[in-house]
Amino acid sequence: MTAHEIVSKIKSKKLSAEELISQALKKAKIVQEKYNAFITIDDKAINKAKELDTKISNGEELGLLAGVPVVVKDNICSKDLRTTAGSKILETFIPPYNATVVERLEAAGAIVIAKANMDEFGMGSSNENSAYGIAKNPWDSSRVPGGSSGGSAIAVATGVVPFALGTDTGGSVRQPASFTGTIGFKPTYGQLSRFGVVAYASSLDQVGVIARSSQDLALAMEAMSSHDKNDSTSIKNTNLEFLKSVASKKDLTSIKIGLIKELCNEGNSDDVLGILQETQKQLEGLGASVETVSLENVRYGIASYYLVAPAEASSNLARYDGMIYSNRVGENSEGQIDIMMKTRGELFGPEVRKRILMGSYALSAGYYDAFYGKALKVRKLIANDFARAFESYDFLMTPTTPSVAYKIGEKTDDPLAMYLDDIDTVLANLVGIPAISLPMGQSKDNLPIGIQFFAPALKDETLLQLSNIIEQNSTNFAPIVKI
Amino acid sequence: MITDKDMQDLQKLARLKVSDEESHHLKDELNKIMAYFEQIKDLDTDGIEELARPIDSFNIFRADEQIITYSQEEALKIAVEAEDGFFKVPRTIDND
């Protein structure tokens with residue numbers, strides 16, 4: 001069922017929230033058994049469902065998402081529900097407050113049933129860097145689901161929930177969506193509040209949504225996006241009306257789309273290039289014009305991103321030192337510094353340790369200008385390229401990833417190989433613009449392939465409209481994977 | 001090139017101890033990754049400003065009024081160690 005259908009059935013009393021949430025929890029447990037999609041499943045969700053049922057029988061007014069079960073990535077704080085960020089260092093952390101996005105979903109009547117598995121602190125593209133075990137792709141369980149929001153993508157692809165929250169620092173919502181045949185949406189930087197979201201790289205982090213239906217995506221965005229006084233980067237007064245606008249257009253007449261030349265070449269697998277061509281034809285069939293456009297600096301995106309993100313991470317993750325909160329390793333008599341070094345060395349996983357040291361290096365005296373400072377200038381060059389292209393095009397497009405979901409363990413030995421796969425997605429984060437991955441087809445081996453669209457900053461609604469038009473003109477768009 | 005000595009310094013800087021074996025392995029990985037980053041060194045960025053964040057940041061002000069967030073008890077629930085209403089941490093300054 002879509003979120004729209006659930007809300008309608010709950011409101012018309014055809015289904016009780018208790019019944020619905022109990023089914024969702026049951027399915028979550030089956031999915032957990034097979035794919036390790038969750039870090040915590042919350043059986044207490046059933047109590048919230050009962051409370052909602054009482055509200056319904058009392059005739060109280062119900063919110064936009066009444067009774068909708070949702071899954072939230074485990075780096076987004078949930079009050080009284082453990083939030084680990086996929087790390088041992090936060091294994092016992094129970095937040096005393098909700099992230100604003102969770103607060104707003106719950107205020108609208110949604111019920112959080114589970115916290116999703118993820119790469120530790122969002123650092124990874126395969127969900128292999130979770131301290132709580134590797135998650136598996138429901139299309140082929142020998143393959144990765146993508147990451148870092150791997151668990152959220154699995155929950156949506158298998159139909160446990162109609163939509164789930166992820167976070168996207170360099171593609172962590174769009175890439176797992178691409179690998180699982182779902183829609184992955186990263187809004188404009190600042191469109192969704194980051195208050196209560198475990199920080200990885202603050203100038204790149206953004207909460208995103210994974211869904212199977214464009215209209216459900218609009219519903220989720222409608223419930224969550226408005227200014228938050230608790231987040232100094234939250235956009236003021238954008239007045240976007242996602243629900244009103246999502247289905248307001250029927251075709252793509254007079255829409256101009258630019259295919260980014262540098263990212264649509266032989267660096268992609270044949271399967272991906274095939275789907276890219278089919279997508280182009282479909283878009284033209286719907287009235288759009290599609291042309292190739294050159295953005296010459298996008299080739300430096302990975303270098304810029306993997307200097308900026310670890311640098312910010314090395315600073316953000318300094319708070320996990322075993323002193324105030326998180327866990328502590330060692331005896332107090334060893335002294336503060338030794339305990340910090342031991343705690344961080346033992347409780348952070350290998351990829352996190354690597355990125356913290358890498359970021360510390362990029363920021364250290366003598367290297368700042370050559371690396372971090374230079375990376376920020378390259379970031380500006382890339383932003384300029386996009387600004388120039390958006391003077392002529394409504395959307396820009398690329399594959400979401402150069403290939404389909406790969407085998408578990410296939411890329412763990414080569415530190416650069418996995419980073420390079422993020423070439424298409426990191427650009428939206430560097431520039432701060434919205435981007436969406438749409439499930440446009442499958443490979444010869446029946447694995448899903450996503451195509452990514454970028455829009456100018458604050459044009460989030462247009463990406464949802466585009467998604468809806470394509471969805472309405474497709475068959476078997478974002479299907480539920482049978483388990 | 002990052003050396004083994006650099007790795008030791010970085011660990012102190014980041015307050016993060018890794019084993020000697022891992023340190024050696026990480027040094028090789030980081031050198032490989034940093035070599036890839038070298039490509040941006042030759043890029044002409046004269047006169048280009050640094051883009052540290054995608055939107056302008058601004059200060060948020062509010063009236064200096066007391067608001068209730070959590071009780072001390074609630075806040076200390078997340079503490080690694082707490083005593084008499086305080087966070088308790090290992091000794092920071094030695095007696096001698």
Side-chain angles (χ1 to χ4, degrees), chain A residues 93-97 189-190 203 229 232-233 235 297 300 302-304 306-307 314 318 321-328 332-337 339-342 344-345 348 350 353-354 356-358 360-361 364 370-371 373-381 383 415-416 419 430-432 457, chain B residues 2 6-7 9-19 22-23 25-30 32-41 43-60 62 69-71 74-81 87-94:
Chain A
F93 177 60
I94 297 174
Y97 68 100
Y189 181 80
S203 81
K229 63 176 173 37
S232 67
T233 59
I235 297 166
N297 293 300
Y300 303 110
I302 288 295
S304 176
Y306 276 100
L307 282 163
S314 71
D321 56 9
M323 295 297 120
I324 304 298
Y325 66 113
S326 70
N327 292 333
R328 188 184 295 169
N332 285 4
S333 59
E334 293 171 60
Q336 211 172 60
I337 290 178
I339 287 184
M340 282 185 190
M341 293 191 71
K342 212 176 192 179
R344 291 161 61 78
F348 283 140
R353 297 199 290 267
K354 179 161 77 187
I356 289 174
L357 293 173
M358 198 161 115
S360 302
Y361 179 72
S364 59
F371 289 118
K374 186 81 179 183
L376 292 181
K377 289 181 178 181
V378 174
R379 186 177 182 182
K380 180 69 181 170
L381 287 177
L416 257 180
Y419 294 177
L430 286 169
V431 182
Chain B
I2 303 170
D6 291 335
M7 289 303 293
D9 293 343
L10 281 174
Q11 288 176 54
K12 277 188 207 129
L13 197 62
R15 296 278 191 268
L16 199 170
K17 178 76 194 141
V18 300
S19 70
E22 182 178 350
S23 178
H25 171 73
L26 272 178
K27 180 197 72 178
D28 292 342
E29 279 203 356
L30 291 185
K32 195 174 162 190
I33 294 165
M34 297 315 276
Y36 173 81
F37 294 161
E38 292 282 330
Q39 59 172 296
I40 61 169
K41 277 194 169 167
L43 198 59
D44 182 10
T45 52
D46 276 356
I48 300 293
E49 59 183 290
E50 294 182 358
L51 182 66
R53 57 189 67 82
I55 58 171
D56 292 334
S57 63
F58 44 87
N59 278 324
I60 305 272
R62 64 165 174 81
T69 50
Y70 328 106
S71 65
E74 279 175 305
L76 285 173
K77 267 191 197 165
I78 62 165
V80 182
E81 216 180 337
F87 287 100
K88 191 177 176 186
V89 298
R91 183 183 295 280
T92 316
I93 303 163
D94 283 329

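So that the names make sense, note that chain A is the first sequence line, chain B the second, and so on, each numbered from 1.
Legend: residues meeting ring-ring contact (aromatic ring centres under 6.0 Å, His included) with B:Phe37, ordered by chain and number and at least two apart, are absent.
Interatomic distance, OG of A:Ser360 versus CG of B:Leu16, reported as 8.0 Å (0.5 Å rounding). From A:Arg353, atom CZ reaches atom OG of B:Ser23 across 11.5 Å, with rounding to the nearest 0.5 Å.
Looking only at heavy-atom pairs under 4.5 Å with chain B, the residue among A:Ala318, A:Ser314, A:Ser326 that has the most is A:Ser326. Your options are A:Ile324, A:Leu357, A:Ile302, and the one with the most heavy-atom pairs under 4.5 Å with chain B is A:Ile324. Interface check for chain A: of the options B:Lys12, B:Met34, B:Lys88, the most heavy-atom pairs under 4.5 Å are formed by B:Met34. Interface summary for chain A: among B:Leu51, B:Thr69, B:Ile33, B:Ile2, the most heavy-atom pairs under 4.5 angstrom belong to B:Leu51. Chosen from A:Tyr361, A:Phe371, A:Tyr325, the residue pairing most often with chain B at heavy-atom distances under 4.5 Å is A:Tyr361. The greatest number of non-hydrogen atom pairs below 4.5 Å with chain A, out of B:Glu22, B:Lys77, B:Glu38, is found for B:Glu22. With chain A as partner, the option from B:Val89, B:Leu13, B:Leu76 having the largest number of non-hydrogen pairs under 4.5 angstrom is B:Val89. For the options A:Met341, A:Arg344, A:Met358, A:Lys354, heavy-atom pairs under 4.5 Å to chain B are most numerous at A:Met341. Put simply, of A:Ile235, A:Val378, A:Ile339, A:Leu430, the one with the most heavy-atom pairs under 4.5 Å next to chain B is A:Val378. Between chain B and the options A:Asn297, A:Ile337, A:Val431, heavy-atom pairs under 4.5 Å are most frequent for A:Ile337.
A:Asp321 is not listed as a side-chain neighbour of B:Arg15, based on a closest heavy-atom distance of 4.5 Å or more. Using a 4.5 Å heavy-atom threshold, the side chains of A:Leu381 and B:Leu43 count as touching. Proximity of B:Ile78 to A:Pro96: side-chain heavy atoms (C-beta onward) are separated by under 4.5 Å at one or more points.
Between A:Arg328 and B:Glu81 there is a salt bridge, with a side-chain nitrogen of the basic residue lying less than 4.0 Å from a carboxylate oxygen of the acidic one. In this structure, A:Arg379 does not pair ionically with B:Glu50, as no charged nitrogen and carboxylate oxygen lie closer than 4.0 Å.
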Kindly indicate, with the supporting measurements, whether the criterion side-chain contact (heavy atoms from CB on, under 4.5 Å) is fulfilled by A:Met323 and B:Val80.
CA-CA 7 Å; A:Met323 295 297 120; B:Val80 182; over 6 Å; no
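Heavy atoms closer than 4.5 Å to chain B are found in the backbone of A:Ile94, but not in its side chain. If you measure heavy-atom distances from B:Gln11 to chain A, the contacts under 4.5 Å come from both the backbone and the side chain. With a 4.5 angstrom heavy-atom cutoff, B:Ile40 touches chain A via backbone and side-chain atoms both. Proximity to chain B (any heavy atom under 4.5 Å) is shown, for A:Tyr306, by both the backbone and the side chain. Proximity to chain A (any heavy atom under 4.5 Å) is restricted, for B:Asp44, to the backbone atoms N, CA, C and O.
Listed here is the closest heavy atom pair of A:Gly432 and B:Pro54: CA-CB, 3.6 Å.
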